[in-house]
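Notes follow the structure.
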Amino acid sequence: MSTSGKYQPQDFEDKWYSYWLQHKFFKSVPDEREPYTIVIPPPNVTGVLHMGHMLNNTIQDVLIRRARMSGKNACWVPGTDHASIATEAKVVNMLKEQGISKKDISREEFLKYAYDWKEKYGGIILEQLKKLGASCDWDRTAFTMDPHMSEAVIDTFIRLYKKGWIYRGIRMVNWDPQGKTAVSDEEVIRKEVNQELYYINYKIADGSGHLTVATTRPETIMADTAICVNPNDERYFHLHGKKVLVPLINREIPVILDEYVDMTFGTGCLKVTPAHDLNDYELGQKHKLPVIDILNDDGTLNEKAEILIGEDRFAARKKVAVMLEEAGSLEKTEDYKSQIGFSERTNAAIEPKLSMQWFCKMGEMAKPALDYVLNGDVKLIPDKFINTYRHWMENVKDWNISRQLWWGQQIPAWYLPNGEYVVAKTREEAFEEAQKITQDSALTIDQLLQEEDVVDTWFSSWLWPISVFDGIANPDNPEIQYYYPTNDLVTGPDILFFWVARMIMAGHEWRGEIPFKNVYLTGIVRDKLGRKMSKQLGNSPDPVDLIERYGADGVRVGILLSAPAGNDLMFDEAYCEQGRNFGNKIWNAFRLVKGWEVDDSLPCENKVAIDWFESRFNQALTEIADNFAQYRLSDALMATYKLVWDDFCAWYLEMIKPVYQHPADRETFTRTVKFFEDILKILHPFMPFLTEELWHDELFGERAENDCCIVAQMPSFGEVNTQLLNEVEVVKQVVTQIRNIRNQKQISPKEALVLSVKVNSGISYNDYKNVIGKLANVSEFTVVNEAVDGAASFLAHTDEFFVPLSQNIDAAAEIERLQKEQEYLLGFLKSVNAKLSNERFVQNAKPEIVQNEQNKKADAEAKLSIIEKQLKDLAG
RNA sequence: GGGAGCAUAGCUCAGCUGGUUCAGAGCAUCUGCCUUACAAGCAGAGGGUCACAGGUUCGAAUCCUGUUGCUCCCA
């Protein structure tokens with residue numbers, strides 16, 4: 001503890017993190033203890049820490065630290081994923097700045113640049129996690145492209161291919177023209193966008209007039225291969241069998257009939273563009289229409305468009321509109337709102353595009369993965385997500401796993417000169433296989449061409465809980481045997497399908513087992529106005545900056561206070577301030593105790609206070625454990641907060657605090673120091689730095705080098721004296737009431753008061769004389785048999801208290817107060833009596849509930865008779 | 001358009017299978033205090049027709065139906 005006396009978390013946080021690292025407290029190796037394992041949801045290697053990470057990793061650290069302090073062998077595996085699209089985009093940009101174009105360099109050269117980039121910038125986020133206090137086993141830091149991790153990916157590809165679950169096919173995919181790759185359905189974010197609906201006239205080829213088509217994408221007319229109308233649409237009977245001319249290019253296309261067309265939308269005439277729309281594609285298949293793809297991979301028009309070649313699709317849209325207008329083919333335009341897909345990675349508008357891709361069948365794998373969740377083997381917390389999960393799993397579509405990129409695991413498929421392909425781990429194995437298939441002795445190994453594409457990053461991530469323990473290539477190794485299945489996974493609901501569902505599938509496929517027992521789904525961090533935090537809005541605080549200002553402990557407390565499980569959280573810096581203030585409170589409570597002198601000759605006069613706090617502490621311990629068992633971390637924190645601030649600081653320390661510059665007795669001091677140590681333990685998972693700092697203070701005596709709070713064992717549950725707890729609650733009421741009287745009558749806390757009690761409850765107030773004397777500054781406390789005249793009075797439980805005051809009592813005000821209370825009690829009694837005199841209540845309600853009502857009745861009646869008597873006395 | 005969820009104090013949220021004074025917590029607010037651990041604090045206090053309308057029940061914040069408003073997922 002620093003000598004400055006002020007709580008300054010920055011002074012010691014780095015010190016203790018280094019100390020923990022040095023002493024390898026985060027390190028885990030299999031042993032005879034029960035394991036407790038968390039694998040980190042690997043953040044994107046290009047990423048920097050944002051508030052979502054803060055939340056997520058604070059939760060993981062709290063769980064892992066608590067497990068570590070509960071006798072478990074705690075292992076938190078950190079790492080990053082290679083984020084193929086995002087990283088490749090960054091590297092391409094970096095090269096562009098250096099004047100290098102990706103087209104001009106080889107795959108090998110590109111990958112070298114990419115690895116250099118990763119080495120240089122890829123670890124930032126992990127360093128930031130250290131600031132937060134994350135107690136990961138850094139020796140285990142994994143990366144989804146580490147050799148053994150990549151090998152697991154390739155093995156998985158081959159295994160699933162051999163099972164017939166991976167196939168290649170032409171499909172309409174979500175094309176990201178900026179990333180120049182396909183993305184999966186889950187990576188497309190739909191947003192409502194204001195667009196224009198263009199009404200375009202197509203001339204009928206025989207010169208008999210025109211028809212009008214409404215479209216949001218006029219630039220795709222050059223790819224039209226038909227116009228479709230509903231066969232039942234009377235307006236268009238005359239068009240059946242006709243041909244029309246595509247405006248601007250005058251290509252002839254047929255009018256086809258299909259009930260698919262919605263007669264009420266637009267004009268009822270649909271342009272069919274099989275290459276650029278999924279529904280049109282299916283329609284085209286059905287009617288055997290040709291496919292004309294007019295777009296390049298980067299979203300510009302190609303020569304098949306005939307016009308505007310090389311223009312970007314959005315620029316082309318505007319130009320086509322102008323050209324149509326000039327040609328007299330544009331009937332009108334209308335404002336129109338519709339849902340457009342955007343790439344999660346690049347935010348480019350997704351272009352539906354036909355291309356040859358690799359797919360992974362999901363149906364077979366989804367079934368067991370769904371069952372694990374439905375039968376509770378894998379628990380989703382909160383369980384409201386089970387419905388969402390089930391819905392997705394029951395309607396799962398095949399997963400497009402190929403990406404047209406270099407950064408990632410290259411698909412282990414090898415093309416032969418004749419167009420066939422084989423799937424094999426190495427070129428050599430592929431060659432062997434190829435020879436077998438082709439029986440071609442002329443085939444040479446160099447003739448094999450490996451698939452250019454890589455697999456989706458999630459195709460690595462779904463193996464994460466297994467592959468970090470090398471459980472794919474070495475399924476029986478001691479690590480995977482020990483740590484798998486892991487315990488808790490902490491992540492956001494937005495990747496329930498991307499990742500969580502697929503990990504469960506992979507777990508079942510490779511090990512016939514779940515990957516984790518519990519999935520804690522955090523909410524999304526929003527600003528206090530409820531908006532999602534985003535770079536564009538600039539409404540996200542920089543977590544590292546927050547840590548510098550409030551301390552890591554303060555930020556951890558702040559973010560947990562605002563984060564009930566599964567709910568989005570409205571983050572406000574005020575929570576961090578509350579966290580820091582809490583740290584300050586603990587710090588100062590510590591300074592108080594530390595400052596006490598001890599006099600061994602003094603007797604202990606605080607037995608009641610000590611016994612009370614011990615009971616209260618044990619009670620809170622159960623509450624906290626219960627909250628943890630239900631993953632109610634903010635409640636666990638709040639229970640701890642109240643125990644420390646209210647019970648320990650505000651009540652206990654005030655009860656036992658020696659008079660200024662007077663020494664404490666040995667017993668009180670020793671017990672209090674012990675309480676403090678236990679408090680540090682339960683606080684540690686939430687506030688690791690502060691607790692470690694105080695743990696090593698000389699107040700606790702000499703500590704061995706490895707005697708650290710981080711590895712201390714949680715206090716064990718002790719006895720709870722309920723009667724004592726209840727009595728102290730009454731005593732606290734007494735103290736509050738006296739303080740109230742002081743407030744009302746403007747009596748200084750320094751002025752001692754005299755107190756008498758007429759006991760009706762059986763509580764032995766003698767035991768609490770000291771406590772009440774100290775907390776309420778009462779110099780004389782006597783038990784009386786009769787009411788004291790002319791004194792301020794109040795009720796605590798059913799006991800009557802009297803405080804004679806130098807000033808006269810305002811009898812009228814006192815009467816009014818009592819009458820108010822009487823009125824309330826009479827009303828209350830009435831409702832209780834109404835219940836009790838209701839036969840159906842007495843018959844139907846559970847006996848203990850009826851008994852309760854009777855207790856309430858007796859209690860109210862007792863209070864009423866006291867008040868009546870007091871009123872009579874005042875009147876008399 | 002289909003599905004799910006939510007609505008409780010100024011704010012963020014608890015409130016389990018209806019029944020202890022059930023209407024709560026934290027923060028914020030108000031009042032009084034620089035009482036030598038802490039003003040990043042202490043002591044008090046106020047604040048809600050539990051979205052709205054019906055229903056079931058001896059009894060509803062809690063269960064049912066409808067209405068309104070918001071959020072998310074899917075098409």
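Fair warning: this is a prediction, and the values are worked out from it, not measured in the lab. Proteins get letters first, then strands, A, B, ... in listed order; numbering begins at 1 in each.
With distances taken from any side-chain atom of Leu653(A) to the nucleotides G44(B), A37(B), U12(B), the minimum falls on A37(B). When each of G44(B), U12(B), C38(B) is scored by its nearest atom to the side-chain atoms of Arg739(A), the top-ranked nucleotide is G44(B). You'll find that the side chain of Met638(A) is closest to A25(B), out of A25(B), G41(B), C27(B). Side chain of Met570(A), nearest nucleotide from U12(B), A37(B), A43(B): U12(B). Side-chain proximity of Lys642(A) to the nucleotides A37(B), G19(B), G26(B) is greatest for G26(B). Counting only heavy atoms from C-beta on, Lys585(A) has its side chain closest to C42(B) among G26(B), C42(B), C74(B). Of the candidate nucleotides G41(B), G44(B), A14(B), A14(B) has the atom nearest to the side chain of Asp635(A). Among the nucleotides G44(B), A43(B), G19(B), the one closest to any side-chain atom of Ala650(A) is A43(B). Of the candidates C74(B), U35(B), A37(B), C74(B) carries the atom nearest the His391(A) side chain, counting heavy atoms from C-beta on. Distances were taken from every side-chain heavy atom of Asn584(A) (C-beta onward) to each of C38(B), A43(B), A25(B); the shortest belongs to C38(B).
If you measure from atom CG of Asn581(A) to atom C1' of A37(B), you get 15 Å, rounded to the nearest angstrom. In this entry the distance linking CD of Gln733(A) with C1' of A43(B) reads 17 Å, nearest Å. As rounded to whole Å, 18 Å separates atom P of G2(B) from atom CG of Asn387(A). Atom CG of Leu637(A) and atom P of C27(B) are 12 Å apart (whole Å). In this structure, Tyr641(A) places its OH atom 19 Å from P of A14(B), rounding to the nearest Å. Atom pair Tyr7(A):OH and G41(B):P shows a separation of 12 Å (rounding to whole Å applied). The CD1 atom of Ile741(A) sits 23 Å away from the P atom of U31(B) (whole-angstrom rounding). Ile386(A) has its CD1 atom 20 Å from the P atom of G3(B), to the nearest Å.
The phosphate of A43(B) (OP1 or OP2) has no side-chain N or O of Trp651(A) nearer than 4.0 angstrom.
Distance check: Ile866(A) CD1 to Gln822(A) CD gives 12.5 Å after rounding to the nearest 0.5 Å.
Nucleotide U35(B) forms no Watson-Crick or G-U wobble pair with any nucleotide shown, as no partner meets the under 3.5 Å limit on both distances. Under the Watson-Crick or G-U wobble criterion, with both distances below 3.5 Å, A4(B) is paired with U71(B). The partner of U65(B) is A53(B), judged by Watson-Crick or G-U wobble contacts that both fall below 3.5 Å. Applying the Watson-Crick and G-U wobble criteria (two distances, each under 3.5 Å), A28(B) pairs with nothing in any strand.
Here, C30(B) and G19(B) have their C1' atoms 36 Å apart, quoted to the whole Å. U8(B) and G48(B) are spaced 15 Å apart, taking the P atom of each and rounding to whole Å. Only the P atoms considered, G66(B) is 12 Å distant from G3(B), to the nearest whole Å. To the nearest whole angstrom, the two P atoms, one in U57(B) and one in U62(B), are 16 Å apart. Nucleotides U36(B) and G26(B) are separated by 26 Å at their P atoms, to the nearest Å. Comparing the same atom, C1', in A9(B) and in U68(B) gives a spacing of 22 Å after rounding to whole Å. Remark: the separation of the C1' atoms in G46(B) and C52(B) is 28 Å, to the nearest Å. The separation of C22(B) from U67(B), taken at their P atoms, amounts to 35 Å, rounded to a whole angstrom.
The closest donor-acceptor contact from the side chain of Ser865(A) to the backbone of Ala862(A) lies under 3.5 Å. Between the side chain of Arg742(A) and the backbone N or O of Ala776(A) there is at least one donor-acceptor pair closer than 3.5 Å. At distances below 3.5 Å, at least one donor-acceptor pair connects side-chain atoms of Asn777(A) with backbone N or O atoms of Lys750(A).
Between Asp799(A) and Asn760(A) the shortest heavy-atom distance is OD1-N, 2.7 Å. Nearest approach of His276(A) to Glu351(A), heavy atoms of both residues: ND1-OE2, 4.1 Å.
Thr522(A) and Asn56(A) share no side-chain donor-acceptor pair at under 3.5 Å. Defined by atom type and a distance below 3.5 Å, a donor-acceptor pair is missing between the side-chain atoms of Arg840(A) and Gln843(A).
With ring centers used as reference points, Phe676(A) lies under 6.0 Å from Phe648(A).
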Nucleotide N/O to protein N/O under 3.5 Å, stretch nucleotides 55-59 of chain B:
residue: C58(B); atom: OP1; partner: Arg840(A); partner atom: NH1; Å: 3.1
residue: C58(B); atom: OP2; partner: Arg840(A); partner atom: NH1; Å: 3.4
residue: C58(B); atom: O2'; partner: Asn838(A); partner atom: ND2; Å: 2.8

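Where Lys397(A) and Phe582(A) each meet RNA chain B at their nearest nucleotide, the meeting point lying more 5' is that of Phe582(A).
When heavy atoms are screened at a 4.0 angstrom cut-off, Leu825(A) is found touching base atoms of the nucleic acid. Within 4.0 Å (heavy atoms only), Thr736(A) reaches sugar-phosphate atoms of the nucleic acid but no base atom.
For the pair Arg739(A) and Trp651(A), the cation-pi test (distance below 6.0 Å, angle within 45°) is passed.
Not a single donor-acceptor pair, N or O on each side, falls under 3.5 Å between the base of A40(B) and the side chain of Gln8(A).
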